[in-house]
Asks: 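Handing you this structure, nothing more for now.
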Amino acid sequence: MARDILFSGIQPSGQLNIGHYFGAVKNWLRMQEDFDCLFSLVNLHAITVRQAPAELKKRSLDFVAAYMACGIDPEKSVIFAQSDVPEHSELMWLLSCHTYMGELERMTQYKDKIAKHTDNINLGLFSYPVLMAADILLYQTKAVPVGADQKQHLELARDLANRMNNAYGQLFTVPEPYIPSTEAGGRIMSLLEPEKKMSKSDENAGNYIALLDDPKTILKKVKRAVTDTDTIIRYDRDNKPGVSNLLTLLSGATGKAISELESEYDGKGYGHLKTDTGEAIVALLAPIQAEFHRLRDNEAELMQVMKQGACKARERASHTLKQVKKAMGLM
Ligand code: ATP
Ligand code: LTN
């Protein structure tokens with residue numbers, strides 16, 4: 001029997017951090033065994049903010065190596081760059097003509113980004129969610145594993161699938177989001193400002209732990225993480241965001257439940273929690289980093305993975321696009 005299709009993407013901007021690992025990639029690994037998976041480097045999304053071309057190219061290869069180092073296996077899953085499959089941009093136009101301005105105006109990511117990039121409020125930032133819907137719908141995707149911040153975009157993809165199916169007949173599978181609970185890493189918070197999400201475009205590297213940070217840096221960043229003024233180690237997102245975030249990270253890195261950690265750390269201080277969390281993250285990342293450096297050294301192989309991935313993705317994407325154009329009366 002054909003397996004359900006899974007699609008997810010990460011923008012090759014900034015550095016991958018443990019927020020992406022716990023919020024998205026960890027789920028990809030689990031689901032890779034049961035789904036027919038496509039993982040994309042969404043570089044067309046990344047250029048909605050200015051990127052230096054040479055750096056973007058180099059970073060894209062870093063990301064492919066990082067996906068593979070985390071355990072995404074190109075024999076089992078399709079890994080490709082969004083820009084290598086022109087069907088994404090073409091379907092985006094067709095969907096754009098069915099997307100209402102009001103739907104895009106209320107997107108919180110758009111509002112955040114235009115507030116941050118006042119010198120470059122471009123059309124791409126606005127229509128970003130339509131391209132994301134095209135990414136997903138092109139492959140008849142059933143499952144989309146993402147972090148909590150992407151929920152609103154996923155809703156739009158679902159609405160567009162239903163709208164198009166109602167207007168033109170069955171064209172698209174309606175996708176379902178797979179978002180880990182906050183406790184399980186669906187929303188990892190910044191280390192120094194635990195009321196905002198950990199983000200790879202943060203100017204202050206002290207806010208995140210990059211997948212490739214060395215052990216000393218990781219221990220130092222966790223030690224500096226903001227906690228609070230009392231000393232109780234308890235999970236409470238609203239009143240103790242910093243401590244709760246550390247418990248989420250420790251739980252994610254060790255596999256221990258948060259309730260188990262709360263009892264284990266009962267009566268212990270924040271220093272203790274921070275040391276153990278830092279060390280657990282170092283232990284989690286050590287094998288990933290070693291594998292990353294081994295893979296990154298062989299650029300020709302990474303290029304080959306991307307080339308093969310693009311071929312496979314294109315074949316599937318062109319099939320859906322053809323059906324959509326036919327249904328819409330485009331010659
Ligand atoms: P940027 O800050 O460059 O806009 P980003 O850090 O939000 O990007 P994306 O490429 O937009 O990263 O996200 C890739 C995936 O990682 C998405 O599924 C997203 O939901 C997830 N993700 C990003 N940040 C976090 C986080 N702090 N906690 C959990 N998941 C996250
Ligand atoms: N917008 C997403 C990245 C993304 C994506 C996708 C995720 C682009 N296309 C399709 C899942 C499916 C983000 O994380 N910022």
Side-chain angles (χ1 to χ4, degrees), residues 5-28 31 37-51 56 59-60 63 66-67 70 80-83 85 88-89 91-92 95 107-110 112-114 116-117 124-125 127-139 141-158 160 175-191 193-204 207-211 241 245 248-249 252 313:
I5 296 165
L6 177 154
F7 185 99
S8 199
I10 290 190
Q11 308 178 71
S13 52
Q15 292 194 55
L16 275 176
N17 66 46
I18 49 166
H20 308 109
Y21 183 81
F22 289 123
V25 179
K26 198 174 169 194
N27 250 349
W28 298 1
M31 297 171 85
C37 298
L38 296 115
F39 297 112
S40 185
L41 276 174
V42 289
N43 48 4
L44 299 176
H45 279 111
I47 59 168
T48 53
V49 302
R50 290 281 167 268
Q51 304 286 343
L56 178 62
R59 204 183 306 118
S60 300
F63 272 55
Y67 280 9
C70 287
F80 72 101
Q82 189 184 31
S83 60
V85 182
H88 289 241
S89 310
L91 180 62
M92 180 202 175
L95 296 178
M107 292 292 173
T108 55
Q109 180 178 300
Y110 166 69
D112 291 348
K113 292 252 161 160
I114 61 169
K116 205 165 152 195
H117 301 277
L125 276 180
S127 56
Y128 180 116
V130 189
L131 178 59
M132 179 162 163
D135 297 341
I136 296 167
L137 300 184
L138 263 183
Y139 299 96
T141 302
K142 185 79 194 256
V144 187
V146 283
D149 61 309
Q150 295 301 309
K151 191 163 183 268
Q152 206 183 17
H153 290 165
L154 247 298
E155 279 304 317
L156 177 73
R158 288 170 56 82
L160 284 173
E176 301 276 347
Y178 277 70
I179 299 175
S181 68
T182 312
E183 269 190 48
R187 189 169 171 81
I188 299 293
M189 308 312 277
S190 150
L191 296 177
E193 296 167 76
E195 49 298 319
K196 68 174 206 193
K197 85 164 184 135
M198 188 180 281
S199 164
K200 61 175 136 64
S201 54
D202 207 309
E203 295 97 47
N204 184 350
N207 276 325
Y208 58 79
I209 296 173
L211 241 42
N245 199 38
T248 304
L249 292 174

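For the single chain, residues carry numbers from 1 onward in sequence order. No experiment lies behind these values; they were computed from the predicted model shown. Ligands are counted one by one from 1 in listed order, and the atoms in each one are counted from 1 as well. Atom set for the values below is all heavy atoms of this structure, side chains included, hydrogens, waters and symmetry mates excluded.
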Asks: Starting from atom 14 (C) of ligand 1, find the nearest protein heavy-atom neighbour and note its residue, name and distance.
Replies: Ile10 CG1, 3.4 Å
Asks: Sort and list the pairs that fulfil side chain to side chain donor-acceptor pair (under 3.5 Å) and have at least one residue in residues 12-24, not counting sequence neighbours.
Replies: Ser13-Lys200, Asn17-His20
Asks: Could you identify the single nearest non-hydrogen protein atom to atom 13 (O) of ligand 1 and state the distance to 0.1 Å?
Replies: His20 CD2, 3.8 Å
Asks: Do Met92 and Ser127 touch side chain to side chain, with heavy atoms closer than 4.5 Å?
Replies: yes
Asks: Pick, from Val146, Val42, Asp149, the option with the minimum heavy-atom distance to atom 20 (O) of ligand 1.
Replies: Asp149
Asks: Check ligand 1 against Gly23 and write out every atom of the ligand that is under 4.0 Å from a heavy-atom position of the residue.
Replies: 29 (C), 30 (N)
Asks: Assess whether side-chain contact (heavy atoms from CB on, under 4.5 Å) is satisfied between Leu44 and Ser89, documenting all intermediate values.
Replies: CA-CA 9 Å; Leu44 299 176; Ser89 310; 3.6 Å; yes
Asks: Distance to 0.1 Å, residue and atom name: give those for the protein heavy atom nearest to atom 9 (P) of ligand 1.
Replies: Lys200 NZ, 3.5 Å
Asks: Can you give me the closest heavy-atom contact between Gly19 and Met198, atom names plus distance?
Replies: N-SD, 3.8 Å
Asks: Show your working on side-chain contact (heavy atoms from CB on, under 4.5 Å) between Ile209 and Ile188 and close with a plain yes or no.
Replies: CA-CA 11 Å; Ile209 296 173; Ile188 299 293; over 6 Å; no
Asks: Ignoring hydrogens, what is the shortest heavy-atom contact between Phe7 and Pro145? Give both atom names and the distance.
Replies: O-CD, 3.6 Å
Asks: Closer than 4.0 angstrom: is that true for some heavy atom of Lys113 and an atom of ligand 1?
Replies: yes
Asks: Please list the nearest protein heavy atom to atom 24 (N) of ligand 1 with its residue and the distance rounded to 0.1 Å.
Replies: Lys197 NZ, 3.2 Å
Asks: Going by distance only, is there an N or O of Gln150 that falls short of 3.5 Å from an N or O of ligand 1?
Replies: no
Asks: Closest heavy-atom contact between Met31 and Tyr178?
Replies: CE-CD2, 3.3 Å
Asks: Checking Lys196 now: which residues fulfil salt bridge (charged side-chain N to carboxylate O under 4.0 Å, His left out) with it, not counting sequence neighbours?
Replies: Glu193, Asp202
Asks: Just jot down the ligand 1 atoms closer than 4.0 angstrom to any heavy atom of Gly185, in number order.
Replies: 29 (C)
Asks: Which residue and non-hydrogen atom of the protein lie closest to atom 1 (P) of ligand 1, and at what distance in Å?
Replies: Ser201 OG, 3.5 Å
Asks: For ligand 2, list the protein residues that place a heavy atom within a distance below 4.0 Å of one of its atoms, sorted by chain and number.
Replies: Phe7, Ser8, Gly9, Gln11, Val42, His45, Gln109, Tyr128, Met132, Asp135, Ile136, Val144, Val146, Gln150
Asks: Does Tyr139 have its ring centroid less than 6.0 Å away from the ring centroid of His88?
Replies: yes
Asks: Tell me whether Ala24 has any N or O atom under 3.5 angstrom from an N or O of ligand 1.
Replies: no
Asks: For Ser8, is at least one N or O under 3.5 Å away from an N or O on ligand 1?
Replies: no
Asks: Between Met189 and ligand 1, which residue portion shows a heavy-atom distance shorter than 4.0 Å: side chain, backbone, both, or neither?
Replies: neither
Asks: Ligand 1 versus Ser13, non-hydrogen atoms closer than 4.0 Å: side chain, backbone, both, neither?
Replies: side chain
Asks: Specify the closest pair of heavy atoms between Pro175 and Arg158, including all atoms of both residues, with the distance to one decimal.
Replies: O-NH1, 2.9 Å
Asks: So, for Gly147 and Ile179, which heavy atoms are closest and what is the spacing to 0.1 Å?
Replies: C-CG2, 4.0 Å
Asks: Apply the test side-chain contact (heavy atoms from CB on, under 4.5 Å) to residues Phe63 and Ile10: give CA-CA distance (whole Å), side-chain angles for both, the deciding distance (0.1 Å), then the verdict.
Replies: CA-CA 9 Å; Phe63 272 55; Ile10 290 190; 3.6 Å; yes
Asks: How close do Asn245 and Ser190 get, counting heavy atoms only, and between which atoms?
Replies: ND2-O, 4.1 Å
Asks: Could you go step by step and tell me if Leu211 and Ile18 meet the side-chain contact (heavy atoms from CB on, under 4.5 Å) rule?
Replies: CA-CA 6 Å; Leu211 241 42; Ile18 49 166; 4.3 Å; yes
Asks: Classify the contact between Arg187 and ligand 1 as side chain, backbone, both or neither, using a heavy-atom distance cut-off of under 4.0 Å.
Replies: backbone
Asks: Taking it one step at a time, do Gln109 and Asp149 satisfy side-chain hydrogen bond (donor to acceptor under 3.5 Å, both in side chains)?
Replies: CA-CA 8 Å; Gln109 180 178 300; Asp149 61 309; over 6 Å; no
Asks: Just which atoms of ligand 1 are under 4.0 Å from any heavy atom in Ser199?
Replies: 1 (P), 2 (O), 6 (O)
Asks: For the residue pair Tyr128 and His45, categorise the inter-ring angle as parallel (less than 30°), tilted (30 to 60°) or perpendicular (more than 60°).
Replies: tilted
Asks: Run the side chain to side chain contact (heavy atoms under 4.5 Å, CB included) test against Thr108 and tell me which residues pass, sequence neighbours left out.
Replies: Gln152
Asks: I need the nearest protein heavy-atom contact for atom 21 (C) of ligand 1: residue, atom name and distance, please.
Replies: Gly147 N, 3.9 Å
Asks: Is there at least one pair of N or O atoms, one from Gln11 and one from ligand 1, spaced under 3.5 Å apart?
Replies: yes
Asks: Polar contacts were defined as any N/O atom of the residue lying under 3.5 Å from an N/O atom of the ligand; does this apply to Tyr128 and ligand 1?
Replies: no
Asks: Out of curiosity, is Gly14 lining ligand 1, as in a heavy atom under 4.0 Å away?
Replies: no
Asks: If you count the atoms of ligand 1 from 1 in the order shown, which ones are under 4.0 Å from a heavy atom of Gly186?
Replies: 28 (N), 29 (C), 30 (N)
Asks: For atom 31 (C) of ligand 1, what is the nearest protein heavy atom, given as residue, atom name and distance?
Replies: Gly19 O, 3.6 Å
Asks: If you have a sec, work out which protein heavy atom is nearest atom 28 (N) of ligand 1 and how many Å separate them, to one decimal?
Replies: Ile188 N, 2.8 Å
